[in-house]
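Following: one structure in structure tokens, then a few remarks.
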Protein chains: 4
Amino acid sequence: MMYSLTDRSVSESPAGEHHTLESPARRKDIPPQRRRQILDAARELFAQGGYHGVTVEAIAERVGVSKGNIYWYFKSKQEIFQLLFDDIVEKLFLPLAGALEGEAPAVEKLRALARYTLDAAEKEENVEALHFMWQIGVQPELHKLLPSDYSHWVSPFIEHLTPLFEEMGDATPEGAAQLYLIMLDACWFVGALRPDFYDREAIMAAIEDKFLNPGRRQDA
Amino acid sequence: MMYSLTDRSVSESPAGEHHTLESPARRKDIPPQRRRQILDAARELFAQGGYHGVTVEAIAERVGVSKGNIYWYFKSKQEIFQLLFDDIVEKLFLPLAGALEGEAPAVEKLRALARYTLDAAEKEENVEALHFMWQIGVQPELHKLLPSDYSHWVSPFIEHLTPLFEEMGDATPEGAAQLYLIMLDACWFVGALRPDFYDREAIMAAIEDKFLNPGRRQDA
Amino acid sequence: MMYSLTDRSVSESPAGEHHTLESPARRKDIPPQRRRQILDAARELFAQGGYHGVTVEAIAERVGVSKGNIYWYFKSKQEIFQLLFDDIVEKLFLPLAGALEGEAPAVEKLRALARYTLDAAEKEENVEALHFMWQIGVQPELHKLLPSDYSHWVSPFIEHLTPLFEEMGDATPEGAAQLYLIMLDACWFVGALRPDFYDREAIMAAIEDKFLNPGRRQDA
Amino acid sequence: MMYSLTDRSVSESPAGEHHTLESPARRKDIPPQRRRQILDAARELFAQGGYHGVTVEAIAERVGVSKGNIYWYFKSKQEIFQLLFDDIVEKLFLPLAGALEGEAPAVEKLRALARYTLDAAEKEENVEALHFMWQIGVQPELHKLLPSDYSHWVSPFIEHLTPLFEEMGDATPEGAAQLYLIMLDACWFVGALRPDFYDREAIMAAIEDKFLNPGRRQDA
DNA sequence: CATGAATGAGGTTTCATTCAT
DNA sequence: TATGAATGAAACCTCATTCAT
């Protein structure tokens, strides 16, 4: 079975109802600006310290409100965490999946995927988000806190990539697909955590040379 | 400046004395069996839940001893964490660095590095260790708990790899070095966290094809 | 060197910042009522059981609040102890020192000192405070917990008293000064700990007769 | 009612049986040298840190034995404390009481009492013992741990002293008696805790001058 | 006698959460 | 909305005591 990559089914969580970022359950809606501030602060802190390493007090302090106030906007620390997760999936993962759809030739799709990934890794605003996601990827215990199945979001990609490498005449299409994904994944990681030895141009060139240069075999 | 990769300077920690795994402060040594049990249980749990997600009580329970007994063998939760870190660095990172030393040709060294990495990723016993290390990589806050500087162990590799790709006549040696490292790093990650879509042979074949096949350029 | 007896330098503690009784770090100020209750309860208990003999739980119980709530008002058990110490020094020791200043004749100063001391020993509210201070005087280990040097508060007195006895023409001024101080000290002790055999009038009469009766020598 | 000062009824404690210092219950008896070492170490430590401020581990460490071994010689920390109390009462308080018995004139008895007290305050070996006793005097909570009633040992003195001052023709015999006792008490305190401003000769001279010089009135 | 090991109660402190105002 | 205050569970750690060897 092959999942659609852009099918948005996060919200039908088995863990029960949880709200979108912008429309709280208990409130009218117009000035939920404070809501955003809290979520932003929480993302920053979670990215650095992990779920258990961050206290509600710390989030409140960073926003500049009282601890109690947090609970007017969100019903628990866990809910904040879930909302952030969903938000990031939507903003970061879904567009990425979009790069693979459409009618472009395989090499273009793969190139677009790489470009999108490397671009995202560099944007200041994404660094925290990526950090955040790695926390979750790395701590299976946290999956219990999440509204949707984490692996649900990663698995499908591999199935989409293999045919593309086949189409390109790659000698080892399945391995290439895995490696490609792993590599892009890791580029995010490295871009986020160790920007000092992350050189976008050099890496993109290497990717072009090693994965996206269909000519090299023809030259032989 | 280029660090030696096998220089074992972890123990000269700025955080002060901490003991090696086998010669604790309070124990003579003959049956350090219980000690091992505790460390093993702790590694398992830390790998799943992260430092803050694991309680000393949980560790004790898994070993089947009382909470207080843990403190007979270790002076704090943090000490356990540090000892595990050092142990893993020694058992996993140092041998990896060893693969790059000696007089073999560049391609052999790079192949050895990849083989060692992929092998390690598969060994059941390493999975937890890798999990554990990613926790730390991903939570900068935890670095404060560690006896030695975390980045100290990762940075030097990049400097060692570039000349090897140059020696191989690679078109983009620096980018290749970065990519190679990132990719192997990520193989560990994927092997540990998502063994379901980790196919060692396919990946190794792709690596051979894309990074270690010097012939393709000569053919052109 | 002779310290000024009323120089208030307690707060410039080497142990770092700690707040006065009335202006804590976390509290605005209006109803510091609970704060006072806690401090009062703590003083009572410390006076009976000593620092290590009293648990935070016990303090909370006596006030009728939860253990956790104590930590909303104070950051640690030790801080409570320090604040009590400072408070008592200010309320009990400093006024005592004040009795020795000014231009009155020696005999008046000494009499005032004795009166103040005996009065203080009788006031119900001071009993605990004196108890409290003796705990500290008697347990050198506790000095480490204190914000200022304990002996700093006692030593200077002796130097102030000797000249007064000289001025009175006492036959053994230095011994008298020591004895006088020791005696008053002990009056506090006895008044606090063994009120059953503490007779203020009898003692004051004896003090007048033995220390403050300059006429007896002139009669000779 | 007037207690006899030398009546040795400590051991008939209401708290139940407890053994003398030299003859343990569970052991033959010959080499209870280790017992002494433990008691000595305990006294030293208790004198500094109070009952609750000292751990059995600390006592064991100072003696150089294992914690468990302490429990071969004594059945509990409390028992050690009790034994030390009894020992000190016997060695320090009882001889003091002895000074008041016999047929000597009042002034000689009072002088002997003062001499004994001041001597005891100076002997190195008594400093800890006095420290120890003050701990107890100052922490009413500890009285519960003791085998006999603490006040039992102090109260009788006052009744013995008043007649002596009467016999001397003192103007305020009861006050004098109280003050005398208080003062000597405090001399111990000061001698033990603040030896720096304790000058035995000066104090003894002042005592002679103020309390024991019956001639001054005759001079008048 | 002596020790290393183990236990469990209890100590200090933290923290998610609630609630009155 | 927002806060200060309060709670109670649970976290880390200590320590008196026991026990097998």
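Proteins get letters first, then strands, A, B, ... in listed order; numbering begins at 1 in each.
A perpendicular orientation is assigned to the rings of D/Phe46 and D/Phe81, their planes being inclined by more than 60° (bins at 30° and 60°).
Each of A/Val56 and C/Lys77 has a nearest nucleotide on DNA chain E; the 5'-most of these lies closest to C/Lys77. Of the two residues near DNA chain E, B/Val65 and C/Gly68, the one whose nearest nucleotide lies more 5' is B/Val65.
D/Asn69 has a side-chain polar atom (N or O) that falls below the 4.0 Å cut-off from OP1 or OP2 of E/dT3. Of the side-chain N and O atoms in B/Tyr73, one or more sit less than 4.0 angstrom from OP1 or OP2 of E/dA6. Applying the 4.0 Å criterion to OP1 and OP2 of E/dT14, one finds that C/Tyr71 has every side-chain N and O outside that range. Applying the 4.0 Å criterion to OP1 and OP2 of E/dA2, one finds that D/Arg34 has a side-chain N or O inside that range.
Distance alone, capped at 3.5 Å, is enough to place a donor-acceptor pair between the C/Gln78 side chain and the C/Leu145 backbone.
Within the 4.5 Å cutoff, the side chain of B/Ile59 has heavy atoms near those of the B/Ile70 side chain. Side-chain atoms of B/Ile136 and B/Leu146, non-hydrogen and from C-beta on, do get closer than 4.5 Å to each other. Side-chain contact between D/Phe74 and D/Arg35 is present, with heavy atoms from C-beta onward closer than 4.5 Å.
Using a 4.0 Å heavy-atom criterion, one finds that D/Val54 contacts the sugar-phosphate atoms exclusively.
In the set F/dA5, F/dG8, F/dA16, F/dA16 carries the atom at the smallest distance from any side-chain atom of D/Lys67. Between E/dC15, F/dA16, E/dA2, one nucleotide has an atom nearer to the side chain of A/Thr55 than all others, and that is E/dC15.
Here the straight-line distance linking atom CD of B/Gln33 with atom CD1 of B/Ile38 works out to 11.0 Å at 0.5 Å rounding.
The nearest whole Å value for the distance from the CZ atom in B/Phe74 to the P atom in E/dA6 is 12 Å. Rounded to whole angstrom, the span from the CD atom of D/Gln78 across to the P atom of F/dC15 amounts to 18 Å. B/Trp72 places its CH2 atom 19 Å from the P atom of F/dC19, with the value rounded to the nearest Å. For the pair D/Ile38 CD1 and E/dT3 P, the interatomic distance rounds to 10 Å; values are reported in whole Å. With rounding to whole Å, A/His52 atom NE2 is found 19 Å from E/dT14 atom P. Straight-line distance from the CD atom of B/Glu57 to the C1' atom of E/dG10: 14 Å, rounded to whole Å. Distance, C/Lys75 NZ to E/dC15 P: 16 Å, rounded to whole Å. Rounded to an integer number of Å, the gap from D/Ile70 CD1 to E/dC1 C1' is 13 Å.
Taking atom C1' in both E/dC1 and F/dT21, the straight-line distance is 12 Å, to the nearest Å.
Between the side chains of B/Arg34 and B/Gln37, a donor-acceptor pair is found at a separation under 3.5 Å.
In this structure A/Glu141 satisfies the salt bridge (Lys or Arg N to Asp or Glu O under 4.0 Å) test together with A/Lys144, sequence neighbours excluded.
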So what does the secondary structure string of DNA chain E come out as, 5' to 3', with Watson-Crick or wobble pairs under 3.5 angstrom, [ ] for crossing and | for pairs with another strand? .||||||||||||||||||||
